[in-house]
**Q** 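Sending over a structure as structure tokens; questions will come in a sec.
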Amino acid sequence: MSKKVRVRFAPSPTGGLHLGGVRTVLYNYLFAKKHGGDFVLRIEDTDQTRYVAGAEAYIFNCLEWAGLVPNESPLHGGNYGPYRQSERKAAGMYQQYADQLIEQGHAYYAFDTPEELEKMRAIYKTAENPSPQYDHTLRMKMRNSLSLSAAETNQLLAAGTKKVVRIKMPQNETVSFTDMIRGEVSFDTALVDDKVLLKADGMPTYHLAVVVDDYLMQISHAFRGEEWLPSAPVHVLLWKYLFGLEAMPQWAHLPLILGPSGKLSKRDGARYGFPVFAMNWTDPKTNELTEGFKEKGFLPEAFINLLALLGWNDGTEKEIFSKDELVNAFSMERVHAAGAKFDYEKAKWFNHDWIKHVDSNLLLPLVKDLLLQNEIPVTDESLLLQVISLIKDRCTLLPDFVQQTSFFFKAPQQLDVAAVKSKWTDEKKTFFEAFTETVLQQTDFTPAALETAFKELAAEKNIKPGELQLPLRIMLVGGKFGPPVFDIAVLLGKKETAERIKRGLKQF
RNA sequence: GGCCCGUUCGUCUAAGGGUUAGGACACCACCCUUUCACGGUGGUGAUACGAGUUCGAAUCUCGUACGGGCUACCA
């Protein structure tokens, strides 16, 4: 009898949500859906000094956009609330466990001030040991309930002296566990420091909170970034002391997503020339805007597709997956152990492919929005739909639609005259004057029929039709791009096509 | 420095001891197309190094090198 699958994503609301974060969400989500489980979102806001206004709402917006909505969260409710650690602390959910650990002798009070800690690090710092740890080698030299007598400790406690609770790491134990991605991982406890569990302000640190909350929320599988691996022995020990190893979730430490130079970090923003955040993020303090994948013009379907394939594959050569297909195919065991360097070129390819194959109706509102933003009037939605189908092969990112569709709704302001001028002749001018009439009088106004008429007239005037197509394009489009020129003319209509030709003739 | 994790084309990756080491992105060439793309065909390009186990190693073991992460009263 296996317990119900319950997974959680536990971000701290300190800024934008980057690629790695979204991928962690995605793997959680896929795993939960695949196994008919619950996906919980818990806010890890125990560090009040790092509180950033708006960050939590922003995270929900990103998840909404990506289509990875949690079953339980501070926003969506649930039976295991509250879902913010600050509120859980206020409800007194952590203190008792810290007390229990102290009673068991697995944790102790430490009275060292930040200054004293700094001093300790300065004193014991050597070339061989550049960052001394508060561990079994040093704890008896510090001020804590282990080094002090019971009377002294009680006196300090009674006086309300600032204190933290630290875990007492055992001196000769090997802690090991099975990671779903890496297999067995083990650590020598003597080499791990006595991490703070409860801070002076009464807030738990991540280490205590993650264990207590995962237990209370009945989390069955805990997925997080590889950067947590070094502190995993602390969490395993806490599970052992508090709730028993049988109750511990199965761990999977996800490989990191690397930027051009190491771990992708929130601070790196758009420094790489590509977005790192899911959506635009404006730092409330500096007002600095960092562009997101959404605003850059990525489809959410493409975004999760490319993220899923960054470190995972289904064992076949399939690369394009819908969300449902991902749910169906996903397995944690097929996630790679090695970190993956993010490749923006490939990311764009995913988006391009999604744009090409997705139903144009889905693109319609997005493109319309974009055109309106660029002051291009869209009066006819059914025309826009036809245009989108005609040109979506040419668009990698959503904003590409602006250039590719705008000339259907607004005559080009400037024509690329230079592309035509050198080969321009009076004969060609005569041709186009005649062709204007052809267009106006065409009864079968379809691309094929128009092209035939065009070629017949060219033959009549003894000009190679190929020499005339580019000028026509320039007159209709303004530049050397766009779909087949007779498709454009038909969508434009007889009148508009004729007018653009007349206008173009004046400029050549 | 210590600890942990990792290492297949430039990048993402496949290959449950036996393959001419496969695919995708990017790049190059050709075809299609008298625009730009899409598409098609082909090409360049990888098992970090050294030992060992084995008839046989990208695959198992060890060492080395390299890369990354952690080393806060941050997560």
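The sequence lines fix the lettering, A, B, ..., with proteins before strands; numbering per chain opens at 1. These figures come from a predicted structure and were not determined experimentally.
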**Q** How does each nucleotide of nucleotides 9-14 of chain B score, in 5' to 3' order, for protein heavy atoms under 4.0 Å: base (B), sugar-phosphate only (S), or none (-)?
**A** --BSSS

**Q** Hey, do the aromatic rings of A:Phe431 and A:Phe454 have their centres closer than 6.0 Å?
**A**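 Ring-ring flag for A:Phe431/A:Phe454: true, centres closer than 6.0 Å.
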
**Q** Select base, sugar-phosphate, or nothing to describe what A:Pro255 touches, counting heavy atoms under 4.0 Å on all strands.
**A**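 Touches nothing.
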
**Q** Tell me what A:Arg473 touches on the nucleic acid: a base, only sugar-phosphate, or nothing, going by heavy atoms under 4.0 Å.
**A**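 The answer is base, as A:Arg473 lies within the cut-off (heavy atoms under 4.0 Å) of a base atom.
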
**Q** Which residue pairs pass the salt bridge (Lys or Arg N to Asp or Glu O under 4.0 Å) test with at least one member in residues 342-351 of chain A, sequence neighbours excluded?
**A**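 Residue pairs passing salt bridge (Lys or Arg N to Asp or Glu O under 4.0 Å), neighbours aside: A:Glu319-A:Lys346, A:Glu345-A:Lys348.
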
**Q** Please enumerate all protein N or O atoms sitting under 3.5 Å from an N or O of nucleotides 69-73 of chain B, with distances to 0.1 Å.
**A**
unit_1, atom_1, unit_2, atom_2, d
B:G69, OP1, A:Lys263, N, 3.1
B:C70, OP1, A:Lys263, NZ, 3.1
B:U71, O2', A:Gln133, OE1, 3.0
B:U71, O2, A:Ser131, OG, 3.4
B:C73, OP2, A:Arg166, NH2, 3.2
B:C73, O2, A:Ala200, N, 2.7
B:C73, N4, A:Asp112, O, 3.0

**Q** Roughly how far apart, to the nearest Å, are B:U59 and B:A48 at atom C1'?
**A**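 Those two atoms are separated by 16 Å.
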
**Q** Write down the distance separating the C1' atoms in B:C27 and B:U11, rounded off to the nearest Å.
**A**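 Per the computed distance, 12 Å lies between those C1' atoms.
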
**Q** Quick one: what's the B/S/- string for nucleotides 57-66 of chain B, heavy-atom cutoff under 4.0 Å, read 5' to 3'?
**A** ----------

**Q** For residues A:Val420 and A:Ile474, report the shortest heavy-atom separation together with the two atoms involved.
**A**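 Minimum heavy-atom separation between A:Val420 and A:Ile474: CG2-CG1, 3.5 Å.
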
**Q** So which protein N/O to nucleotides 37-40 of chain B N/O distances come out below 3.5 Å?
**A**
unit_1, atom_1, unit_2, atom_2, d
B:A37, O2', A:Asp393, O, 3.1
B:C38, O3', A:Lys356, NZ, 3.1
B:C38, O2', A:Asp393, OD2, 3.4
B:G39, OP1, A:Lys356, NZ, 2.9

**Q** Could you identify the nucleotide paired to B:A14, looking across every strand shown and requiring Watson-Crick or G-U wobble geometry with both distances under 3.5 Å?
**A**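 B:A14 is paired with nothing.
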
**Q** Give me syn or anti for B:C9, where syn covers glycosidic angles within 90 degrees of 0.
**A**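 The base of B:C9 is oriented anti (glycosidic angle more than 90° from 0).
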
**Q** Taking B:U47 as the reference, what is the distance to B:A21 when you measure between their P atoms (whole Å, please)?
**A**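 One P to the other, the span is 12 Å.
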
**Q** Give me each pair satisfying ring pair (Phe, Tyr, Trp, His ring centres under 6.0 Å) with a member in residues 191-214 of chain A, each pair once, sequence neighbours excluded.
**A**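 Checked against ring pair (Phe, Tyr, Trp, His ring centres under 6.0 Å) - neighbours excluded - the pairs reaching residues 191-214 of chain A are A:Tyr206-A:Trp228, A:Tyr206-A:His235, A:His207-A:His235.
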
**Q** Looking at residues at least two apart in the chain, or sitting in another chain, which of them share a ring pair (Phe, Tyr, Trp, His ring centres under 6.0 Å) with A:Phe298?
**A**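 Ring pair (Phe, Tyr, Trp, His ring centres under 6.0 Å) list for A:Phe298, sorted by chain: A:Phe293.
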
**Q** Could you name each residue pair satisfying ring pair (Phe, Tyr, Trp, His ring centres under 6.0 Å) that touches residues 404-423 of chain A, not counting sequence neighbours?
**A**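 Output for this query lists A:Phe407-A:Phe481.
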
**Q** Could you tell me how far B:G63 sits from B:U7 if I compare only their C1' atoms? Round to whole Å.
**A**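 After rounding to an integer number of Å, I get 15 Å for this pair.
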
**Q** C1' atom, B:G22 versus B:U8: distance in rounded Å?
**A**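 Here B:G22 and B:U8 have their C1' atoms 12 Å from each other.
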
**Q** What integer number of Å spans the P atoms of B:A29 and B:G67?
**A**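 Their P atoms lie roughly 35 Å apart.
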
**Q** Taking only residues two or more places apart in sequence, or in another chain, which ones meet A:Phe330 in a ring pair (Phe, Tyr, Trp, His ring centres under 6.0 Å)?
**A**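 Listed in chain order: A:Tyr27, A:Trp312.
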
**Q** Can A:Lys119 and A:Glu115 be said to form a salt bridge (Lys or Arg N to Asp or Glu O under 4.0 Å), step by step?
**A** CA-CA 6 Å; A:Lys119 203 170 136 197; A:Glu115 294 72 31; over 6 Å; no

**Q** Please work out which residues in residues 402-422 of chain A have a non-hydrogen atom less than 4.0 Å from an atom of RNA chain B and list them by number.
**A**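 Listed by number, there are none.
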
**Q** Which comes earlier along RNA chain B counting from the 5' end, the contact point of A:Phe481 or that of A:Val185, where each point is its nearest nucleotide?
**A**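 Looking at the nearest nucleotide for each, A:Val185 comes out on the 5' side.
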
**Q** Please enumerate all residues that pass ring pair (Phe, Tyr, Trp, His ring centres under 6.0 Å) together with A:Phe111, with sequence neighbours excluded.
**A**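 In terms of ring pair (Phe, Tyr, Trp, His ring centres under 6.0 Å), with neighbours along the sequence ignored, A:Phe111 is linked to no residue.
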
**Q** Applying ring pair (Phe, Tyr, Trp, His ring centres under 6.0 Å), can you list everything that pairs with A:His136, at least two apart in sequence or on another chain?
**A**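 Checked A:His136 against ring pair (Phe, Tyr, Trp, His ring centres under 6.0 Å); zero matches.
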
